[in-house]
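Since the model is a prediction, treat every value here as computed from it, not as a measurement. So that the names make sense, note that chain A is the first sequence line, chain B the second, and so on, each numbered from 1.
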Number of protein chains: 2
Amino acid sequence: MSSTTKTLELLAHFSTSRPEIGLSQLCRLAKRDKATTYRHLQALEETGFLERNPVSKKYRLGPIVLQLARTREATVPRKAGVEAPLVALAGATGETSHVTVLSGKTVYALASCESPRHGTRAIIDIETFPLHATASGLCALAFGPTDLMAFAQKNLCGFTAMTPTTAQELENIVGTIRATGFGCANRSYEDEVLGLSAPVFDQTGHYAGAVSVASVAARFTPDLKRIIQEHLVIAARDITRNWGGTLPPQIEEAWAKTLSHSNTLDTAS
Amino acid sequence: MSSTTKTLELLAHFSTSRPEIGLSQLCRLAKRDKATTYRHLQALEETGFLERNPVSKKYRLGPIVLQLARTREATVPRKAGVEAPLVALAGATGETSHVTVLSGKTVYALASCESPRHGTRAIIDIETFPLHATASGLCALAFGPTDLMAFAQKNLCGFTAMTPTTAQELENIVGTIRATGFGCANRSYEDEVLGLSAPVFDQTGHYAGAVSVASVAARFTPDLKRIIQEHLVIAARDITRNWGGTLPPQIEEAWAKTLSHSNTLDTAS
DNA sequence: AACAACGGTTCAATATGCGAACCAACAGGA
DNA sequence: TCCTGTTGGTTCGCATATTGAACCGTTGTT
């Protein structure tokens, strides 16, 4: 791993829930040496990726990332095409909805939207999604580049008792997803959360990301599952269209087939 | 210069006007070795800062920057981004300084900062600034949305003898502001106050607001004007940067031109 | 076929990053 | 007051990761 990679990985520890980090704290989070981390922080500071909070002396993200984000969005307008379908999806299902994008071998959160319908709801506070344990990640394995599966199988860490930890388990799950057209992660990443997702495609015709609904497992029913799936289809179609892509016919067929007899499927599928 | 710094500097070459760059092209732009640049690009790609356009094979910014921007926006709201430059501006000019934002057709005060240097000083105690009579308002007319002028001309109320009250007067003033890059309101809102302002831009590339200095007219001199203008430029650059924006080149050009021969201009300009 | 430009790779030399150890400042607690 | 545990920051010798000239294979143009 290059020095640059290690440096840039430090930025992943900043989030809305932990927006400012001091040197020692970051060393613990990243499990790194203090001197090294300090030099890394200095490099990030002098390039504008981090700045110091003048009062707390801690480090926080710098203004340059706003600049880069604007360029990215101007280059690949993704975020703008997601807002409306996402709000509609959260409203229709009453559950937290989010969109992820696949870049290289990593699944990133792009946007998320909570529904106020229930007091308890799933919170999407991670930046990158494990391939084997989340609905979005499984969707990428099922419909994304074929070399992703081999990569995922090298890192089958268990998050809950339900997390698939063998290559065979994972293959089976992905096979089901290919057949149904919907990613499903039943308490495999967090104990109380059940995720459902549908793939989204871009103008190159490749898998681009997934739109997902994270439901509280305790209130999940076959009825809710069907409602979520129906609206996932709508959202996936909308977003795919907004991104200039088209849905492969086999995806549409899988969806149609799944929905036509979804009442006969149980929630564990 | 560290390896990481050199790597991160590569990202600066991506912009809305040049959103995708190939290896050789980037080597020329950055005046770097090809092998080195290639490794740098790989580091940026595996951390998600860059991704390959699957059709053109060129590099472009990755989705992770959107994530970082969201965190930054949540960490440092707009108001926080003006504090430090505003204090510096007030300190350097010895005059009351403030920042306004344009929202719809209204110019609001966002923050203000007084300097203790003089016993008499301008007090910014209004919440919204008239478009045709204040430096901030005139700045919005000169660099903001084009439909603002028509709106302003419908309400040319006179505050002092110097307030422009005809559409033609206002057009002339705004024309001067576009040419110089600085808003100027010479006793047109309050009898004893002369305001100078510079525009600030946000991540959308649009006019976002103005940073201004309100000076007591009686002690205004060409020397003070020049000092204020120089520090307005610094503050406008800083705030624009903190808000994730970039200054249009024509603004920078206008400033450079104005400052290069400001000693030949009188205070009434 | 010749040519140029492209992305990508090799390898010796050395610049660069590394981390244990160390400093100074600060903040409770006894 | 001392003691202890923080914090951010620095030093220095060693080892290795980084460097760039040169090279390679492919693609597209003339």
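The side chain of B:S3 sits closest to D:dT19 out of D:dT19, D:dT10, C:dG7. Closest to the side chain of A:R28, from the set C:dG7, D:dT7, C:dC18, is D:dT7. Candidate nucleotides C:dA20, D:dT18, C:dG7 were compared by shortest atom distance to the side chain of A:D33, and C:dA20 ranks first. Checking D:dG9, D:dA21, D:dT19 against the side-chain heavy atoms of A:R52 singles out D:dG9 as nearest. Of the candidates C:dT9, D:dG9, C:dG19, the closest approach to any side-chain atom of A:L23 belongs to D:dG9.
Residue contacts shown for A:R32 are absent, as no nucleic acid heavy atom lies under 4.0 Å away. Contacts of B:K58 with the nucleic acid, taken as non-hydrogen atoms under 4.0 Å apart, are absent.
With respect to A:R241 and A:D238, a salt bridge is recorded, a charged nitrogen being found less than 4.0 Å from a carboxylate O.
Contact check, A:S24 against D:dG8: a side-chain N or O comes under 4.0 Å of OP1 or OP2. A sub-4.0 Å separation between OP1 or OP2 of C:dG19 and a side-chain N or O of A:T36 is present. Regarding contacts with the backbone of D:dG8, every side-chain N or O of A:Y38 stays at 4.0 angstrom or more from both OP1 and OP2. Phosphate proximity of D:dA17 to A:K6: absent, as no side-chain N or O sits under 4.0 Å from OP1 or OP2. Between C:dA20 and A:K34, no contact under 4.0 Å exists linking OP1 or OP2 to a side-chain N or O. Between B:H40 and D:dT18 there is no side-chain N or O to OP1 or OP2 distance below 4.0 Å. Put simply, A:Y59 has a side-chain N or O that comes within less than 4.0 Å of OP1 or OP2 on D:dG9.
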| Is there a side-chain hydrogen bond (donor to acceptor under 3.5 Å, both in side chains) between A:S212 and A:S136 once you walk through the steps? | CA-CA 7 Å; A:S212 312; A:S136 296; 2.8 Å; yes
- request: Give the C-alpha distance, both sets of side-chain angles, the deciding distance and a yes or no for side chain to side chain contact (heavy atoms under 4.5 Å, CB included) between A:L102 and A:Y207.
  value: CA-CA 8 Å; A:L102 175 68; A:Y207 177 85; 3.8 Å; yes
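At whole-Å resolution of the value, CD in B:Q25 and C1' in C:dC6 are 12 Å apart. Atom CG of A:L41 and atom C1' of D:dT7 are 14 Å apart (whole Å). Distance A:E45 CD to D:dG9 C1': 13 Å, rounded to the nearest Å.
Nucleotides of DNA chain D nearest to A:S2 and A:Q42 differ in position, and the one nearer the 5' end is that of A:Q42. Toward the 5' end of DNA chain D, the nearer of the two residues A:T4 and A:K57, judged by each one's closest nucleotide, is A:K57.
Taking OG1 from A:T163 and NE2 from A:H132, the interatomic distance works out to 6.0 Å, rounded to the nearest 0.5 Å.
Around CD of A:E192, the count of heavy atoms belonging to other residues, nucleotides or ligands within 6.0 Å does not exceed 12.
Taking only distance into account, the side chain of A:R39 meets the base of C:dG19 through a donor-acceptor pair shorter than 3.5 Å.
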